[in-house]
Amino acid sequence: MNLSFFDQFSSPSLLGIPLILISMTFPALLLPSMDNRWITNRLSTLQLWFINLVTKQLMSPLYKKGHKWALIQTSLMFFLLLINLLGLLPYTFTPTTQLSINLALAFPLWLATLLTGLRNQPSASLWHLLPEGTPTPRIPALILIETTSLLIRPQALRVRLSANLTAGHLLIQLISTATMPLSTTMPAVSLLSLLLLFLLTILQEAEAIIQAYVFVLLLSLYLQENI
Amino acid sequence: MPQLNPNPWLFIMIISWLTFSMIIQPKVLTFVSTNPPSSKTHTTPSTTPWTWPWT
C-alpha cells in the first residue's frame with residue numbers, strides 16, 4: 001500500500017505488539033539512576049542541576065501549598081522533554097503526536113487543579129469567572145465566555161502539544177522529500193537544504209512546547225489554588 | 001489522520017500513565033540534592049570577612 005505523509009504518525013506495531021510501549025519507556029533509560037556518592041559522574045551532576053533548576057522555576061511562584069505538585073510537574077517536564085527530543089531523530093516515533101497521550105496527561109491534571117481550587121476555596125475559584133469592573137448588562141455573556149474558556153483548557157493543552165509536533169514533523173518530511181529529487185539542480189538544492197536545516201533548528205522549539213505545556217499547567221494551578 | 005484512530009487509545013492512555021507514574025517519577029524521586037531548595041531565612045547571616053593567606 002502506498003504510504004501517505006501521515007503514516008509516520010500511526011501507532012507502530014510489530015506482529016501485533018504495539019511498539020508505543022517501547023517508545024514511551026525508552027526515555028527512562030536515558031535518565032541515569034542516582035548514585036549514593038558525594039560527587040557523581042558528569043551526566044548525573046548535569047541531570048541533578050537540571051532537576052533543581054526546573055523545580056525552582058516551577059515552584060517559586062507558588063506558595064508552600066503548591067509545592068506538593070513539585071514531583072509530578074518536574075517528572076512531567078522530563079517525560080515530555082525527552083520524548084519530544086528523541087522524536088527529532090530520524091525514523092523515530094514521537095508518542096506525543098498522538099492525541100490520546102496528550103489527552104491522558106492533560107485532562108486529569110487540569111481536572112486536579114480545578115477540583116483543588118473548588119475544594120479549598122470554592123467562592124474564590126468561582127469569582128474567576130467574572131473579571132472585575134464589568135458593566136452589569138455584560139455579566140451573563142462574560143460568565144458564559146469565561147466558563148467556556150475554563151472548560152476548553154484541557155483540549156487546548158492537548159491539541160497545542162500534538163498539533164505543534166505533528167506540524168513540525170510533517171514539514172520536515174515534506175521539505176526533505178522536495179530536497180532529494182532536486183539534488184541534480186544545484187542552486188535549488190542549496191537553498192532547500194538551508195531551509196531544511198533552519199527548520200530543524202526551529203523544530204527544537206519542540207522543547208519549548210514542553211515549557212509551554214508545563215507552564216500553562218502551572219498557570220492554571222497557580223490561579224486556582226492561591227489567589 | 002492516524003491519530004484519530006480510536007483503536008489503541010485506551011491502551012496508549014493507560015501505558016502513558018503507567019510509565020509516567022511507575023518509571024519516571026521514582027527515577028526523579030531518587031535524585032537527592034546536596035543543597036535542596038529551601039525558603040529564605042528571616043535573619044540575615046553576618047559573616048566577618050577574612051583575608052586569604054597568600055603563602
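Every chain is numbered from 1, with letters handed out A, B, ... down the list of sequences.
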Inset, instruction - Ignoring hydrogens and angles, tell me if any N or O in the side chain of A:Q98 forms a donor-acceptor pair with the backbone of A:F9 under 3.5 Å. - result: yes
Inset, instruction - Give, as side chain, backbone, both or neither, the part of A:P95 having an atom under 4.5 angstrom from any heavy atom of chain B. - result: neither
Inset, instruction - First locate atom CZ of A:R158, then atom CG of A:L99, and finally report the distance between them rounded to the nearest 0.5 Å. - result: 5.0 Å
Legend entry - Exceeds 12 heavy-atom contacts within 6.0 angstrom, atom CZ of A:R37: yes
Legend entry - For B:W17, ring pair (Phe, Tyr, Trp, His ring centres under 6.0 Å) partners two or more places apart: B:F20
Inset, instruction - Go through A:L71, A:I101, A:T25 and name the one with the most non-hydrogen pairs under 4.5 angstrom from chain B. - result: A:L71
Legend entry - Interface moiety of B:T30 toward chain A, non-hydrogen atoms closer than 4.5 Å: both
Legend entry - Max heavy-atom pair count under 4.5 Å with chain B, selected residue of A:L105, A:N102, A:L82, A:T74: A:L105
Inset, instruction - Between chain B and each of A:P27, A:P18, A:S44, count heavy-atom pairs under 4.5 Å; write down the option with the most. - result: A:P18
Legend entry - Residues forming a ring pair (Phe, Tyr, Trp, His ring centres under 6.0 Å) with B:F11, sequence neighbours excluded: none
Inset, instruction - Look at B:I23, B:L10, B:I14, B:V28 and state which one has the largest set of heavy-atom pairs under 4.5 Å with chain A. - result: B:V28
